[in-house]
Amino acid sequence: MNTTVNVATSTPLQRGTVSIEVPFGCPRGQWCTAGMRVNCSIGFYNPLEDQTDATACILCPLNSDTLFEQAT
């Protein structure tokens, strides 16, 4: 996350960039990328945390399904 901070002083103003690290965990039932959480679709589940790839969502076994997105 980048935030621009402008500071007024008696000297000429300068512009700079401040980087802030924010702890981010990805919950079960989702996969995460670029700070966004993406739910596993109906028919898929993810029992693991901190997954960063769509392949984390596992297809349900034959003759089974999920009722909602974000199944674990």
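Numbers here are sequence positions counted from 1.
Atom CD of Gln70 sits about 11.5 Å away from atom OG of Ser41, to the nearest 0.5 Å. With rounding to the nearest 0.5 angstrom, the CG atom of Leu59 is 11.0 Å from the SG atom of Cys40.
Across all non-hydrogen atoms, the minimal contact from Phe68 to Ile42 is C-CG1, 3.8 Å. Heavy atoms only, all atoms of each residue included: Cys60 and Thr66 are closest at SG-CG2, 3.5 Å. Between Gln51 and Ala56, the shortest heavy-atom distance links the atoms CB-CB, 3.3 Å.
Side-chain atoms of Asp50 come within 3.5 Å of backbone N or O of Cys26 as a donor-acceptor pair. No donor-acceptor pair closer than 3.5 Å links the side chain of Thr33 to the backbone N or O of Thr52.
Checking each of Leu48, Thr55, Val38, Asn39 against Trp31 for a side-chain contact (heavy atoms from CB on, under 4.5 Å) leaves exactly one that passes, namely Val38.
Side-chain contact between Pro47 and Ile58 is present, with heavy atoms from C-beta onward closer than 4.5 Å.
Contacts of Arg37 classified as side-chain contact (heavy atoms from CB on, under 4.5 Å), with partners at least two apart in sequence or in another chain: Phe24, Pro27, Gln30, Cys32. In terms of the side-chain hydrogen bond (donor to acceptor under 3.5 Å, both in side chains) criterion, Asp65 has no residue partners (sequence neighbours excluded). Under the side-chain hydrogen bond (donor to acceptor under 3.5 Å, both in side chains) criterion, Glu49 pairs with no residue, sequence neighbours left out.
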